[in-house]
Amino acid sequence: MSVQAAPGPGRKAPRGPSCRSEASLAPARARVAVGHWEVGHGAPRLALRGMRWSQAFIPTLRDDPANAEAASHRLLLRAGFVRQLSAGHYSILPLGQRVRLKIDRIIRDEIDGIGGQQFHLPAMHPAELWKKSGRWEIMGDEMFRLTDRKGSENALGMTHEEVFAQLASEISSYKQLPQLWYQIQTKFRDEPRPKSGVLRVREFTMKDSYSLDLTQDGLDAQFDRHHAAYQRIFGRFGVDAVDVEASSGAMGGSDSIEFMVRSDAGEDWIVTCGTCDYRANLERATSRVEVIDDPDMVPDTERFATPGIRTIAGLADGFPEVAAPDRQIKTLVYLIDGTFTLVMMRGDHALQEQKLQDVTGGIDIRPAQADEIREQLGALPGSLGAVGVTEHPIIADQALAGRRGMVTGANEDDWHLRNVDIERDIAVGHWADLREVSAGEACAVDGGELELWKGIEVGHIFKLGTKYSEVMGAIVQDENGESHPIIMGSYGIGLERSMAAIVEASHDDAGIIWPWEVAPYHVIVTLLRQQDDAVVAAGDRLYADLTDAGYDVLLDDRDERPGVKFADAELIGVPYRVTIGPRGLASGLAEFTTRSTMETIEIPLDAVSDHLP
RNA sequence: CGGGACGUGGCGCAGCUUGGCAGCGCGCAGCGUUCGGGACGCUGAGGUCGUGGGUUCAAAUCCCACCGUCCCGACCA
């Protein structure tokens, strides 16, 4: 049995002998509603209030929905936590909302705990604001834009640096700093491809905080406090969120740390060392490159015919003595904001495009097309090289520094050059780390073996600097009367994504296993034999007592067979189940089942709360 | 944006090749039997077959266009 109709307003308890239960429940509910809603820092429990399943809208599905690949997608759908409205837009159902509220409150608890002040900013922003920061153009198609009746352009906020920085322009003295501002708001991003249920969507809730400081030291301190708060937050979510070095991407900024939950449903690759604590996003990760023995001196470069050869492997096969892959220069061509740019990698190394974007500061980066390359260089990919090229910028990966005796394309199809001495023969404009790390390589820190795994980004903190405060005029005077732009930091956590990450990390074949602090209910009281007055009475009493004690309790009072109730309880993932049936009740006993282990013990009915956290 | 698949009661699907009463399982409603791991019987309710156009006596089925959804890739605070 699964789909339950929502009760109409004022509808009474289900049929059956429940007058007594209503009487006993009423005072408990009223007290819970006012007594447990407000939660201070370090509150032991985040209680909401109880519910009878017979009146709840918990549309569980008996079968797996089609079109749901990721475990979190499948389970959140099947267990009745979310429903899809359209691609990238999900309705959060009551169970999901309870989890989200708990996530929300844990976040507020911890951010308030480091001095955060909560705001609520508009989701829709005037275009001018984004034009001022330059991001009206930078954000491109990823920003939802709309025109109002007056013809004014607007955007749906993807993030709120601009709005907060504009508010910060009202601060004029160092005496008002530092500040920590945050909000929990809906963000809109026109993702080209929403996927994996609630993991990658176009409309989602984010906690975004912004630190405002006079000095770099102040920023560092707030950054570190956030780092610690995030570790506490994800700890309370019950997930292992690994903090990794990251690229700050299009946001600019320096230090950047992402919090990643390991999952194959994730979309980021993370590199970790097996023997030390080095860990980084693949977009940023480095590794130790073995030194290649080069000749001290090489003769002048020399053309040689390479008919039909277009690949690193082909050249290495054809000329094994001179053109091993680590002796070749791979020349890639990119258009970086329209500038035709040569990018050189060692033949056996791969380019990490995000690194290229980070070092060039480019916004629009794409590989050049064959015809564009032929027009500029006179040859097609497979025969390209940078020797003698002076009219285009050349960026080289640092693994090529100082190399001699290299082979590269001659910018003429079917011809290559040998004896290339990079410093001597190529006008490298910029050296940088551009190489993508592979699994099994040696850690740059201690030489340990690097591992690659997929993760879900649930949080990201980074140091913004003064970019937004400068454009928005958030300038303060220090104690000497000198003006300084406020130094900002930016810190985000995705709420629904966190909910999905928790499910990814905590489920089994039967369903979700909610960690205690984020569980929609702490306990489910499962009644067997709905017709048995004694069972109903005992259930009502336990429900009232536990609710009274501050637990979130779901009373499964549905007239269903036991198998259905057990299966549903496991599916929605309530941490503890208390089963009351006529068999045990005769001797005052109930069954107590722990969802995570599925262990069941018999305990006295009046001792249930002794077994709860 | 490129490649692939799909769109038929709430969910999962068949029917389309070969045009002719819109079906099945689950779920839902009523009655009865049952009741500690997704019961059973009987009786019912529920569908613009994604949308628009075309072909035809007749379209879920054939043709065209569009829309939507999912998967892979590109993309991506």
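So you know, we letter chains A, B, ... as the sequences are listed, proteins then strands, and number each from 1.
- Aromatic ring centroids of A:Phe234 and A:Phe259 lie under 6.0 Å apart.
- Distance check on atom C1': B:C76 versus B:A14 gives 40 Å, rounded to whole Å.
- Nucleic acid contact for A:Gly492: none, since no nucleic acid atom lies under 4.0 Å from a heavy atom of the residue.
- Summarising the base pairing, B:G2 is matched to B:C72 through a Watson-Crick or G-U wobble pair whose two defining distances lie under 3.5 Å.
- Nearest to the side chain of A:Arg200, among B:C35, B:C13, B:C76, sits B:C76.
- Shown here, B:U34 forms no base pair; nothing in the strands shown gives a Watson-Crick or G-U wobble contact with both key distances under 3.5 Å.
- Here the P atom of nucleotide B:C76 and the CD atom of A:Gln357 are 6 Å apart, to the nearest Å.
- Within the nucleic acid shown, A:Ala567 comes within 4.0 Å of at least one base atom, counting heavy atoms only.
- Comparing the P positions of B:A45 and B:A29 gives an interatomic distance of 15 Å, to the nearest angstrom.
- In this structure, A:Trp269 atom CH2 and B:G73 atom P are separated by 10 Å, rounded to whole Å.
- If you look at A:Tyr210 and A:Tyr182, their ring centroids are not closer than 6.0 Å.
- Between B:G36, B:C76, B:C71, one nucleotide has an atom nearer to the side chain of A:Arg193 than all others, and that is B:C71.
- Comparing A:Ala66 and A:Ile363 against RNA chain B, the residue whose closest nucleotide sits nearer the 5' end is A:Ala66.
- Between the side chains of A:Ser209 and A:Trp181, no donor-acceptor pair of N or O atoms lies under 3.5 Å.
- To the nearest 0.5 angstrom, A:Asp208 atom CG is 8.0 Å from A:Gln185 atom CD.
- Nucleic acid contact class of A:Met143 (heavy atoms, under 4.0 Å, all strands): none.
- Annotation: B:G54 and B:G9 have their P atoms spaced 25 Å apart (nearest Å).
- With no hydrogens or angles considered, a side-chain donor-acceptor pair links A:Ser72 and A:Glu504 at under 3.5 Å.
- Residue-level contact check: A:Glu570 touches the bases, meaning some heavy atom is under 4.0 Å from a base atom.
- Counting to the nearest Å, the P atom of B:G9 and the CG atom of A:Leu61 are 15 Å from each other.
- Closest to the side chain of A:Val564, out of B:U69, B:C75, B:A39, is B:A39.
- A side-chain donor-acceptor contact under 3.5 Å links A:His73 and A:Tyr90.
- Put simply, CD on A:Glu191 is 13 Å from C1' on B:A74, counting in whole angstrom units.
- Contact annotation: A:Arg561 side-chain N/O to B:A39 OP1/OP2 distance is under 4.0 Å.
- Remark: B:U18 base-pairs with no nucleotide in the shown strands. Criterion, Watson-Crick or G-U wobble with two distances under 3.5 Å.
- By the 6.0 Å and 45° rule, A:Arg145 does not stack over the aromatic ring of A:Trp130.
- In this structure, A:Arg78 does not reach the B:C11 phosphate: none of its side-chain N or O atoms is under 4.0 Å from OP1 or OP2.
- Spacing of P atoms, B:C67 relative to B:C21, comes out at 33 Å, to the nearest Å.
- Here the separation of B:G19 from B:G10, taken at their C1' atoms, is 30 Å to the nearest Å.
- For the OP1/OP2 pair of B:C70 and a distance below 4.0 Å, the side-chain nitrogens and oxygens of A:Gln84 include at least one atom meeting the criterion.
- Remark: B:C28 base-pairs with B:G44; criterion is Watson-Crick or G-U wobble with both hydrogen-bond distances under 3.5 Å.
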Identify all pairs in which a protein N or O lies below 3.5 Å from an N or O of nucleotides 42-48 of chain B, and state each distance.
none

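- Separation of the C1' atoms belonging to B:C71 and B:U34 is 44 Å when rounded to the nearest angstrom.
- Side chain of A:Arg529, nearest nucleotide from B:C35, B:A74, B:C75: B:C35.
- Rounded to whole Å, the distance from CG on A:Asp63 to C1' on B:G27 is 9 Å.
- In this structure, A:Asp64 atom CG and B:G12 atom P are separated by 10 Å, rounded to whole Å.
- Under 4.0 angstrom from either OP1 or OP2 of B:U69 there lies no side-chain N or O belonging to A:Lys195.
- Atom pair A:Glu142:CD and B:C76:P shows a separation of 8 Å (rounding to whole Å applied).
- Between A:Tyr334 and A:Phe340, the ring center distance fails the sub-6.0 Å criterion.
- Nucleic acid contact for A:Glu69: sugar-phosphate only, since backbone atoms but no base atoms lie under 4.0 Å from a heavy atom of the residue.
- Remark: B:A60 base-pairs with no nucleotide in the shown strands. Criterion, Watson-Crick or G-U wobble with two distances under 3.5 Å.
- Taken from CD in A:Glu203 to CZ in A:Phe144, the straight-line distance is 8.5 Å, to the nearest 0.5 Å.
- Distance check on atom P: B:U17 versus B:G7 gives 15 Å, rounded to whole Å.
- Applying the Watson-Crick and G-U wobble criteria (two distances, each under 3.5 Å), B:G9 pairs with nothing in any strand.
- For the P atoms, the distance from B:U48 to B:A60 is 13 Å, rounded to whole Å.
- The base of B:C76 is not paired with the side chain of A:Arg189 by any donor and acceptor separated by under 3.5 Å.
- Look at B:C66: its Watson-Crick or wobble partner, with both distances under 3.5 angstrom, is B:G50.
- Residues A:Lys565 and A:Glu258 each lie close to RNA chain B; by heavy-atom proximity, the contact nearer the 5' end of the strand is made by A:Lys565.
- Side-chain atoms of A:Asn67 lie closest to B:U69 of the nucleotides B:G36, B:C13, B:U69.
- Of the listed nucleotides (B:U69, B:C71, B:C75), B:C75 has the atom at the smallest distance from the side chain of A:Pro192.
- If you take CD of A:Gln352 and P of B:C76, they are 11 Å apart, rounded to a whole angstrom.
- Contact annotation for A:Arg577: base contact, defined as any heavy-atom pair under 4.0 Å involving a base atom.
- Here the straight-line distance linking atom CG of A:Asp433 with atom CZ of A:Arg284 works out to 9.0 Å at 0.5 Å rounding.
- Here the straight-line distance linking atom CG of A:Leu546 with atom CG of A:Leu555 works out to 10.5 Å at 0.5 Å rounding.
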